[in-house]
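Order of the sequence lines sets the chain letters (A, B, ...), proteins ahead of strands, with each chain counted from 1.
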Number of protein chains: 2
Amino acid sequence: MSELPEWLNEFPELATIDDPAWTRAIENSSTVVLPPDYEVFHEGDACKNYIFVLDGATRVYKLFESGREMVLYRLGRGETCSLTTSVLLAGGLYPANAVTEAETRAVLIPAREFHEVFNSSTIFRDYVCRVFGGRIRDMIMLLEAVTMRNVNIRLARWLLNNRSPENTVEVSHRELAFELGTAREVISRHLREFEKTSWVRLSRKNIELIDNQSLSDLVSGAR
Amino acid sequence: MSELPEWLNEFPELATIDDPAWTRAIENSSTVVLPPDYEVFHEGDACKNYIFVLDGATRVYKLFESGREMVLYRLGRGETCSLTTSVLLAGGLYPANAVTEAETRAVLIPAREFHEVFNSSTIFRDYVCRVFGGRIRDMIMLLEAVTMRNVNIRLARWLLNNRSPENTVEVSHRELAFELGTAREVISRHLREFEKTSWVRLSRKNIELIDNQSLSDLVSGAR
DNA sequence: CATTGTTTGTAACTAAGTCACAAACAGGTA
DNA sequence: TACCTGTTTGTGACTTAGTTACAAACAATG
């Protein structure tokens with residue numbers, strides 16, 4: 001265990017695994033650096049690797065038959081992809097797509113080695129299952145969000161959660177619509193409302209939050 | 001292996017397991033018969049048992065903060081509950097509710113024994129993971145259905161899929177609304193439309209399908 | 001047959017989502 | 001610079017879904 005690869009720093013629990021299958025998995029792993037907008041996997045693809053994300057940002061989204069797109073979740077530093085887990089464990093093909101949003105470093109463990117560690121190491125198995133199990137909860141929350149009618153509240157919440165330190169959000173209305181699972185025009189309408197009341201200032205691909213308090217009040221139901 | 005319990009007939013794969021932990025799990029299992037409308041678990045409950053459903057019907061649903069109710073999935077003969085799996089594997093508390101709709105026979109394996117077999121038997125583990133993994137796909141499909149705007153199409157599909165051999169559906173409008181994640185009035189409106197065009201005949205808690213072809217055409221987009 | 005709770009019908013209203021554009025803008029190229 | 005092209009945003013008219021607040025019909029029970 002003296003030559004643990006550096007990337008395991010991001011996954012402290014896994015660093016404690018002492019198992020030959022794990023050693024083999026690490027030996028057969030490969031580190032990749034994916035450029036922005038790289039398509040990690042498509043709906044219908046088979047799954048060849050388990051994925052540890054070291055750094056960067058990747059969007060996992062579903063393209064519905066209606067043409068509407070919906071973000072299921074995002075992967076960042078120290079995370080693993082639940083859909084990949086699902087496909088590896090349950091078989092079948094990817095039911096959604098993933099694309100990098102920023103340059104992303106990741107470690108890939110081939111499916112074969114993944115299964116071996118999964119069967120051999122309790123620690124690894126616990127880790128994989130825990131991450132995976134958490135995602136069902138997330139999906140239920142997503143369901144709740146989507147069935148909730150008030151887009152303005154969800155929009156305000158999203159803006160507050162995703163604002164930069166300078167209190168701005170650099171995103172187009174179209175992208176926001178994907179995030180919230182709604183239509184571009186609906187987003188535009190609400191943003192214009194927010195602008196009328198001076199809660200935000202709008203410019204191309206940029207939203208500047210001005211009155212965070214009011215936005216926050218809206219989210220918490222105070223108005 | 002000469003004294004396999006009879007209920008394993010419903011789970012043929014599991015009958016092949018030859019593992020002391022599995023034997024122990026079976027020994028410590030209990031068979032229960034739950035009356036209709038029995039509340040199997042609530043949101044916020046801890047999970048004490050893995051559940052094999054032998055027979056009957058159980059509805060797993062989420063009660064949203066808005067007060068709206070939404071059916072996540074149903075359990076029937078030969079199935080196991082994914083949310084239970086999720087909670088057992090990932091920890092935490094039940095994120096939804098379950099209630100029997102008909103008298104339901106089930107076998108309960110205590111959490112402790114479940115974990116032991118899960119760690120010990122590859123066959124058992126594969127089974128659990130496969131069932132579990134499949135549910136994420138279902139949830140994504142549910143998401144798609146909910147974001148799809150045309151309630152009439154989803155309603156027609158539901159009626160066709162759930163009709164009795166006599167071509168009727170015994171269900172109230174309120175229950176249908178829960179199934180499809182919408183409001184009772186919306187269901188009533190569409191059913192009345194269906195009745196106007198003589199696709200169905202309505203009476204209290206009963207919908208008789210008359211023109212399955214037209215309903216089916218609606219589903220497949222032919223009108 | 002009166003009471004009670006459930007189921008269904010209805011109308012008026014608000015919000016979301018769609019459609020079909022037009023206008024503004026950014027980046028490259030002649 | 002002026003032009004072209006693709007993207008982003010604005011807008012209005014329209015359809016559908018969801019909400020609110022009832023009333024009426026019905027089933028079961030005492």
Side-chain angles (χ1 to χ4, degrees), chain A residues 36-37 64-70 143-159 168-197 200-208 218-219 221 223, chain B residues 36-37 63-70 101 143-159 168-197 200-208 218-219 221 223:
Chain A
D37 297 318
F64 294 131
E65 281 187 30
S66 63
R68 176 169 294 181
E69 198 174 307
M70 167 127 213
L143 255 184
E144 169 150 30
V146 169
T147 56
M148 165 163 144
R149 205 148 111 294
N150 308 43
V151 172
N152 56 350
I153 294 177
R154 290 167 54 211
L155 174 58
R157 175 158 44 214
W158 199 96
L159 292 175
T168 62
V169 182
E170 294 203 7
V171 67
S172 74
H173 300 184
R174 200 178 67 100
E175 290 168 314
L176 267 173
F178 290 165
E179 292 297 326
L180 301 180
T182 179
R184 200 265 309 165
E185 293 87 336
V186 178
I187 297 291
S188 292
R189 276 207 285 265
H190 284 293
L191 283 176
R192 241 175 310 132
E193 281 303 310
F194 287 176
E195 191 176 39
K196 268 187 201 161
T197 49
V200 304
R201 212 188 322 271
L202 301 176
S203 52
R204 193 184 173 85
K205 288 202 117 193
N206 186 57
I207 302 164
E208 184 186 347
L218 175 66
V219 171
R223 53 179 74 210
Chain B
D37 297 318
L63 197 59
F64 293 131
E65 283 186 29
S66 64
R68 176 168 293 181
E69 199 175 308
M70 168 124 213
E101 298 185 316
L143 255 184
E144 169 150 30
V146 168
T147 56
M148 166 165 142
R149 204 149 110 293
N150 307 44
V151 171
N152 57 347
I153 294 177
R154 291 167 53 209
L155 174 58
R157 174 159 44 216
W158 198 96
L159 292 175
T168 62
V169 182
E170 295 203 5
V171 67
S172 73
H173 300 184
R174 201 178 67 99
E175 290 168 314
L176 267 174
F178 289 165
E179 292 297 326
L180 301 181
T182 179
R184 199 265 308 165
E185 292 85 342
V186 177
I187 296 292
S188 293
R189 275 206 287 265
H190 286 291
L191 283 176
R192 241 175 311 131
E193 281 304 308
F194 287 176
E195 191 176 40
K196 267 187 201 162
T197 50
V200 304
R201 212 187 325 269
L202 301 176
S203 51
R204 194 186 174 82
K205 285 202 123 197
N206 187 57
I207 301 164
E208 184 186 348
L218 175 66
V219 171
R223 55 178 76 209

For A:Ser188 against A:His173, the heavy-atom pair lying closest together: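 Distance-wise, the nearest heavy atoms are OG-ND1, 2.9 Å.
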Closest heavy-atom pair and its distance - B:Met70, A:Thr147: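 So the two residues come closest at SD-CG2, 4.3 Å.
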Base versus backbone protein contacts along nucleotides 12-22 of chain D [heavy-atom cut-off under 4.0 Å; B, S, -]: -B-BSSBBBB-
Rounded to the nearest angstrom, tell me the gap between atom [atom1] in [X] and atom [atom2] in [N].
| X | N | atom1 | atom2 | result |
| --- | --- | --- | --- | --- |
| A:Lys205 | C:dA24 | NZ | C1' | 16 Å |
| A:Phe178 | C:dG17 | CZ | C1' | 15 Å |
| A:Ile187 | D:dT8 | CD1 | P | 15 Å |
| A:Arg174 | C:dA24 | CZ | C1' | 17 Å |
| B:Leu191 | C:dT7 | CG | P | 15 Å |
| A:Glu193 | D:dG10 | CD | C1' | 13 Å |
| B:Ile207 | C:dT7 | CD1 | P | 13 Å |
| A:Glu195 | D:dT11 | CD | C1' | 15 Å |

Ion pair check, B:Glu195 and B:Arg192, cut-off under 4.0 Å: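 Looking at B:Arg192 together with B:Glu195, the answer is no, because their closest N to O distance does not fall below 4.0 Å.
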Partner set under side-chain hydrogen bond (donor to acceptor under 3.5 Å, both in side chains) for B:Ser172, not counting sequence neighbours: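 Here the qualifying residues are B:Glu175.
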Gap separating the CG atom of B:Leu159 from the CG atom of B:Leu176, nearest 0.5 angstrom: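 Between atom CG of B:Leu159 and atom CG of B:Leu176 there are 6.0 Å.
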Base D:dT7 paired with A:Arg204 side chain (donor-acceptor, <3.5 Å):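 Yes.
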Contact under 4.0 Å: A:His173 side-chain N or O vs D:dG10 OP1/OP2: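 So the side-chain polar atoms of A:His173 do come within 4.0 Å of the phosphate oxygens OP1 or OP2 of D:dG10, strictly under.
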Within-4.5 Å side-chain heavy-atom neighbours: A:Leu202 and A:Phe194: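 Sidechains of A:Phe194 and A:Leu202: no contact.
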